[in-house]
Amino acid sequence: MQNQRGTGSVVGELMYKNSFDCFKKVLRYEGFFGLYRGLIPQLIGVAPEKAIKLTVNDFVRDKFTGRDGSIPLFAEVLAGGCAGGSQVIFTNPLEIVKIRLQVAGEITTGPRVSALNVLRDLGLFGLYKGAKACFLRDIPFSAIYFPVYAHCKILLADENGRVGGLNLLAAGAMAGVPAASLVTPADVIKTRLQVAARAGQTTYSGVIDCFRKILREEGPSAFWKGTAARVFRSSPQFGVTLVTYELLQRWFYIDFGGLKPSGSEPTPKSRIADLPPASPDHIGGYRLATATFAGIENKFGLYLPKFKSPSVSGVQSKAATAAQ
């Protein structure tokens, strides 16, 4: 959707009218697996990309988080922006390979395009073509996404301040809507810079040049191509990502020197140390064993002949005192 040109192309009419029309035509002409072009670069690059993004965001947030758990809005935006900027080292090579594989399905003639061919043609430095546009997209995206996500979690928290799995998923999906849609113009520019232009198509020398030529040839609406597809991809993607990350945080907490993410603390379980003492005379291990045995007898109806619950022993001791 973002790569098709309204003018300056050999083909005068647009191939896809909208995102749904694009979906139908890819399915019809390229088959079901055509929808999964560029999957391998995604699988290889998405793990380190998300890992560094989420870690940097948490690290910077913790540096600005007060002892009461509060954090100013500018710090939330700064943390998100730092996270978005740090991921570009993984994002840009991933994006350029993925995009070239995805648009290759529109070409019916010529050699088959593969990830290895793209890597061989571009070389190491060629993988960072369009990196400025990638910064232009990823920094604002994360600067919008993470603060919105944090505030959505607060709104969806229960009376104890905890957020369940479904609410985490909802918060992540809701935050993806404004973040994905508002940075679509930067994504269009990045796509145009990274895709291999065909014969007769307009070429671009940089971000500014690309912006000017798109605006002149196709109008302002061209910067919003593929907005619906971006939202429908980013919202569930980041919803699942953040649910997974938050749950892993609960099981394997990484201490950045601050506080745990808001709403991520697990529900505390009752501990035997919190039980009232069975008897002031009981000390050490027998005191713990008393509570354990009493619980077993009460719950399962078992009878332990060598054990007497505190209530029974108390009655017996009173009876013995009265007899004396």
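Excluded from the calculations below are hydrogen atoms, water molecules and symmetry mates; all remaining heavy atoms, backbone and side chain alike, are included. Residues: numbered from 1 along the sequence shown.
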Handout entry: I52 reachable from F59 in the ILVMFWY side-chain graph, under 4.5 Å edges
Key = yes

Problem - Passing option when I96 is tested against V195, T191, L127 for side chain to side chain contact (heavy atoms under 4.5 Å, CB included) - result: L127

Exercise for the section: For residues T184 and K225, report the shortest heavy-atom separation together with the two atoms involved. Expected result: CG2-O, 3.5 Å

Practice task
With rounding to the nearest 0.5 Å, note down the distance linking CG in L215 to CZ in F223.
Solution key: 5.0 Å

Handout entry: Residue pair N92, F135: steps toward the side-chain contact (heavy atoms from CB on, under 4.5 Å) verdict
Key = CA-CA 9 Å; N92 206 83; F135 278 112; over 6 Å; no

Handout entry: From K132 atom NZ to I208 atom CD1, the distance as rounded to the nearest 0.5 Å
Key = 9.0 Å

Practice task
Could you tell me whether L166 atom CG has more than 12 heavy atoms of other residues or ligands within 6.0 Å of it?
Solution key: no

Problem - Parallel, tilted or perpendicular: rings of Y36 and F32 (30°, 60°) - result: tilted

Problem - Residues which pass side-chain hydrogen bond (donor to acceptor under 3.5 Å, both in side chains) with K213, listed by chain and number, not counting sequence neighbours - result: D209

Practice task
Please report the closest heavy-atom contact between L156 and A170, naming both atoms and the distance.
Solution key: CD1-CB, 4.1 Å

Handout entry: Side-chain donor/acceptor of T91 to backbone N/O of Q87, under 3.5 Å
Key = yes

Exercise for the section: Step through the shown structure and confirm whether more than 12 heavy atoms of other residues, nucleotides or ligands are within 6.0 Å of CZ on R212. Expected result: no

Completion exercise
The complete set of salt bridge (charged side-chain N to carboxylate O under 4.0 Å, His left out) pairs with one or both residues in residues 83-96, sequence neighbours excluded, reads E95-K98, E95-R137, E95-K190

Practice task
Step through the shown structure and confirm whether more than 12 heavy atoms of other residues, nucleotides or ligands are within 6.0 Å of CG on L27.
Solution key: yes

Problem - Single-linkage hydrophobic cluster, 4.5 Å side-chain cutoff, F211 and V207 together - result: yes

Exercise for the section: Please test E246 against V163 for side-chain contact (heavy atoms from CB on, under 4.5 Å), starting from the C-alpha separation and ending with a verdict. Expected result: CA-CA 10 Å; E246 294 271 8; V163 188; over 6 Å; no

Practice task
State plainly whether one hydrophobic cluster holds both Y29 and F20, where clusters connect Ile, Leu, Val, Met, Phe, Trp and Tyr through side-chain heavy atoms under 4.5 angstrom apart.
Solution key: no

Problem - S235 side chain vs F232 backbone, donor-acceptor pair below 3.5 Å - result: no

Problem - Shared hydrophobic cluster, F64 / L73 (ILVMFWY, side-chain heavy atoms < 4.5 Å) - result: no

Problem - T203: partners by side chain to side chain contact (heavy atoms under 4.5 Å, CB included), with sequence neighbours left out - result: A197

Practice task
Measure from the side-chain N and O atoms of S142 to the backbone N and O of I139, and report whether any donor-acceptor pair falls under 3.5 Å.
Solution key: no

Practice task
Considering non-hydrogen atoms only, spot the tightest contact between L169 and V243 and give its length.
Solution key: N-CG2, 3.2 Å

Completion exercise
Residues pairing under salt bridge (charged side-chain N to carboxylate O under 4.0 Å, His left out) where one sits in residues 46-56, two or more places apart or in two chains, turn out to be none

Problem - Single-linkage hydrophobic cluster Y149~V240, side-chain heavy atoms < 4.5 angstrom - result: yes

Exercise for the section: Determine whether more than 12 heavy atoms belonging to other residues, nucleotides or ligands lie under 6.0 Å from atom CG of L182. Expected result: yes

Handout entry: Validation row, ring centre Y245 to ring centre F238 under 6.0 Å
Key = no

Exercise for the section: Spell out, as yes or no, whether a donor-acceptor pair under 3.5 Å connects the side chain of R230 to the backbone of A180. Expected result: yes

Exercise for the section: Could you walk me through whether N167 and D158 pass side-chain contact (heavy atoms from CB on, under 4.5 Å), step by step? Expected result: CA-CA 10 Å; N167 285 344; D158 60 18; over 6 Å; no

Practice task
Check the pair D187 / F141 against side-chain contact (heavy atoms from CB on, under 4.5 Å), numbers first and verdict last.
Solution key: CA-CA 10 Å; D187 196 45; F141 179 96; over 6 Å; no

Problem - Expected output: side-chain T227 to main-chain W224 donor-acceptor under 3.5 Å - result: yes

Exercise for the section: Kindly give the heavy-atom pair with the smallest separation between G239 and Y145, and that separation in Å. Expected result: N-OH, 4.3 Å

Fill in the blank from the handout: Tightest non-hydrogen contact, residues C82 and V60, listed as CB-CG2, 4.3 Å

Handout entry: Flag, side chain of S181 to backbone of P178, donor-acceptor distance under 3.5 Å
Key = yes

Exercise for the section: To the nearest 0.5 angstrom, please state how far the CG atom of L247 sits from the CG atom of L168. Expected result: 6.5 Å

Fill in the blank from the handout: Sequence neighbours excluded, the answer for side chain to side chain contact (heavy atoms under 4.5 Å, CB included) partners of C210 is I189, R192, L193, Y204, I214

Fill in the blank from the handout: Contacts of F90 meeting ring-ring contact (aromatic ring centres under 6.0 Å, His included) (sequence neighbours excluded), chain-then-number -> none

Completion exercise
Between P140 and V183 the two heavy atoms that sit nearest each other are CB-CG1, 3.8 Å

